[in-house]
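To keep things clear, I will list the structure first and then write my remarks on it.
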Protein chains: 2
Amino acid sequence: MKQTDSTPTSRHYHHGDLYQSLLLMATEMISEGGTESLSMRKLADRVGVSRTAPYHHFKDKNVLLCAIAEQGFERVEKLLLEARTEEEPESLRRVFTQYVHTYIELAHRHREQYDLMFGREIWRNGTPTESLQNRSRQHFKSWLNWIEDLSNQNIILSGDSTLRTAQVCWATLHGLCRLLNDGIYTEQSHLKEMVDTAVSMMLKHS
Amino acid sequence: MKQTDSTPTSRHYHHGDLYQSLLLMATEMISEGGTESLSMRKLADRVGVSRTAPYHHFKDKNVLLCAIAEQGFERVEKLLLEARTEEEPESLRRVFTQYVHTYIELAHRHREQYDLMFGREIWRNGTPTESLQNRSRQHFKSWLNWIEDLSNQNIILSGDSTLRTAQVCWATLHGLCRLLNDGIYTEQSHLKEMVDTAVSMMLKHS
DNA sequence: AGCGATATTTTGACACTGTCAAGATTGATT
DNA sequence: AATCAATCTTGACAGTGTCAAAATATCGCT
């Protein structure tokens with residue numbers, strides 16, 4: 001039997017696929033101690049390679065972080081698409097409310113990753129990967145698309161521009177996530193009530 | 001004439017009031033290059049003292065940052081109080097709208113400081129000073145107070161709980177600041193329209 | 001099977017960071 | 001003038017990201 005890389009059990013040569021291992025371990029470390037607790041050296045150590053080994057799979061620490069953020073975007077994108085597929089005309093409000101709820105919960109469960117997705121670490125300090133930028137834009141497009149739908153169905157309170165509405169609604173969502181994640185002015189226990197309040201602000205009062 | 005510290009021209013001994021100089025220079029450095037660009041060593045260097053001199057005035061880098069953040073809170077607190085004093089019963093909507101606008105502008109003009117006020121640097125990595133915590137809480141109380149007022153005057157769309165309304169409105173404000181500051185999904189040129197959209201979501205449609 | 005090319009990893013090094021401990025300097029107070 | 005406390009400096013340590021050069025392992029080809 002030829003011993004290709006595809007056999008996962010094969011403990012072959014240098015390490016196997018360091019790339020995936022690094023990504024996984026880094027995600028774990030971040031989720032536990034935040035982005036700041038992740039150092040390239042500790043990561044390498046924990047995976048069992050030398051300090052500079054990771055640099056052959058990720059050009060930068062920045063690129064590594066971008067990769068992790070990207071996975072976050074994939075997750076929320078999937079969430080949104082799932083929410084939109086189960087539309088039953090009359091319960092659109094419920095679907096939307098449910099989505100907001102789940103979204104914020106998700107952002108909280110993976111708070112550190114969420115911070116990475118929208119935080120300054122990447123978007124101001126670092127330089128977002130082309131790939132990350134695309135995925136981020138794509139996600140907002142999906143969101144905008146939904147808002148347009150809700151607007152057409154006369155469910156959401158849209159002003160002059162649907163784009164502006166989408167931006168503001170998104171800001172509300174995002175603001176809630178941040179406040180809850182950082183524990184500023186709110187606690188997790190307020191989640192449900194706050195979501196209800198937020199949604200009733202965004203949607204038309206039936 | 002006795003040579004007290006108050007003469008600013010006097011190039012007297014140890015430095016004069018390092019505390020203030022450090023605070024000022026640190027604020028400047030942050031506003032230019034972000035929190036990350038501020039290192040205690042560079043700061044000391046730029047002020048003209050040795051590396052560890054600042055540590056006799058600020059226990060930590062963290063404490064320094066807290067002091068800067070605190071000044072930010074003082075500023076927004078003042079802004080809010082000013083806005084509330086000029087209430088003419090019928091133009092409350094205008095006052096509120098104006099405030100939101102000014103607030104976001106302010107947050108943008110001092111974006112790095114704003115990030116410090118609400119960012120993870122202090123609130124998750126570091127440990128907020130007692131003093132900072134108080135001022136932060138105080139500011140939210142002022143905000144809540146205003147929302148309660150608007151709610152009583154039947155201007156704002158309040159649900160079951162005014163507290164929740166205040167939290168959500170604040171989240172919207174905060175979310176907008178962050179998106180604009182970080183340039184995510186929006187640009188500064190959208191400001192006015194977005195504020196209008198946001199306010200019309202928060203207030204009752206007259 | 002063997003050999004060279006290529007992919008992968010390591011060691012050494014550098015400049016930078018925050019901050020502690022110990023010593024030196026200065027101003028005020030008695 | 002002498003003492004004391006405030007203030008500042010020097011030296012040191014562990015930790016960081018990342019580059020350059022060397023070492024090693026695997027693959028493709030003859």
Side-chain angles (χ1 to χ4, degrees), chain A residues 1-8 10-23 25-26 29-30 33-68 116 121-122 124-127 129, chain B residues 1-8 10-23 25-26 29-30 33-68 116 121-122 124-127 129:
Chain A
M1 59 173 83
K2 66 193 178 84
Q3 189 174 352
T4 63
D5 295 35
S6 49
T7 23
S10 70
R11 172 170 276 318
H12 49 298
Y13 94 109
H14 272 153
H15 173 272
D17 49 354
L18 233 193
Y19 185 90
Q20 216 59 31
S21 298
L22 288 170
L23 205 57
M25 181 61 89
M29 287 173 72
I30 278 184
T35 311
E36 302 77 14
S37 82
L38 173 71
S39 90
M40 293 298 264
R41 296 167 105 107
K42 270 191 289 202
L43 170 63
D45 211 52
R46 211 164 292 193
V47 167
V49 293
S50 80
R51 295 150 270 151
T52 62
Y55 284 88
H56 295 87
H57 300 268
F58 301 92
K59 176 183 150 291
D60 255 347
K61 185 181 186 182
N62 175 67
V63 171
L64 208 196
L65 296 180
C66 285
I68 296 177
L116 216 45
E121 181 73 46
I122 287 180
R124 187 145 39 245
N125 296 345
T127 45
T129 304
Chain B
M1 62 174 82
K2 68 193 176 86
Q3 188 174 355
T4 63
D5 295 38
S6 49
T7 21
S10 70
R11 175 166 272 322
H12 49 294
Y13 99 106
H14 274 154
H15 176 273
D17 50 353
L18 234 193
Y19 185 89
Q20 216 60 30
S21 299
L22 288 170
L23 205 57
M25 180 61 88
M29 288 174 72
I30 279 185
T35 310
E36 303 76 13
S37 81
L38 173 72
S39 90
M40 293 298 264
R41 295 167 104 108
K42 269 191 290 202
L43 171 61
D45 211 52
R46 211 163 293 195
V47 167
V49 293
S50 80
R51 295 148 268 155
T52 61
Y55 284 88
H56 295 89
H57 300 268
F58 300 93
K59 178 183 150 290
D60 254 348
K61 184 181 186 181
N62 175 66
V63 171
L64 209 196
L65 297 180
C66 285
I68 296 177
L116 216 46
E121 181 72 45
I122 287 179
R124 187 144 39 245
N125 295 348
T127 46
T129 304

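Just so we're on the same page: letters track the sequence lines, and every chain starts at 1. Just so it is clear, the structure is predicted and the values come from calculations on it, not from any experiment. Side-chain atoms are counted along with the backbone in the values below, which use heavy atoms only and exclude waters and symmetry mates.
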Check the distance between [N]'s [atom2] and [X]'s [atom1] and give it to me in whole angstrom.
X	N	atom1	atom2	answer
E36(B)	dG17(D)	CD	C1'	15 Å
L43(A)	dT16(D)	CG	P	11 Å
D45(A)	dT10(C)	CG	P	11 Å
M40(A)	dC14(C)	CE	P	21 Å
R51(A)	dT16(D)	CZ	P	12 Å
D17(B)	dA6(D)	CG	P	18 Å
R41(B)	dG15(D)	CZ	P	16 Å
L38(B)	dC16(C)	CG	C1'	14 Å

Closest to the K42(B) side chain, choosing from dT9(C), dC8(D), dT17(C):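 Selected nucleotide (nearest to the side chain): dT17(C).
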
Positions of residues 52-64 of chain A (non-hydrogen atom under 4.0 Å from DNA chain C), listed by number: T52(A), A53(A), H56(A), H57(A)

S39(B) side-chain N/O to dC16(C) phosphate OP1/OP2 under 4.0 Å: no

Interatomic spacing from CG in L43(B) to CZ in R41(B) - rounded to 0.5 Å: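 Between L43(B) CG and R41(B) CZ, I get 12.5 Å after rounding to 0.5 Å.
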
From L18(A), I68(A), D17(A), residue fulfilling side chain to side chain contact (heavy atoms under 4.5 Å, CB included) relative to L23(A): I68(A)

Partner set under side-chain hydrogen bond (donor to acceptor under 3.5 Å, both in side chains) for R124(B), not counting sequence neighbours: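 In terms of side-chain hydrogen bond (donor to acceptor under 3.5 Å, both in side chains), with neighbours along the sequence ignored, R124(B) is linked to E112(A).
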
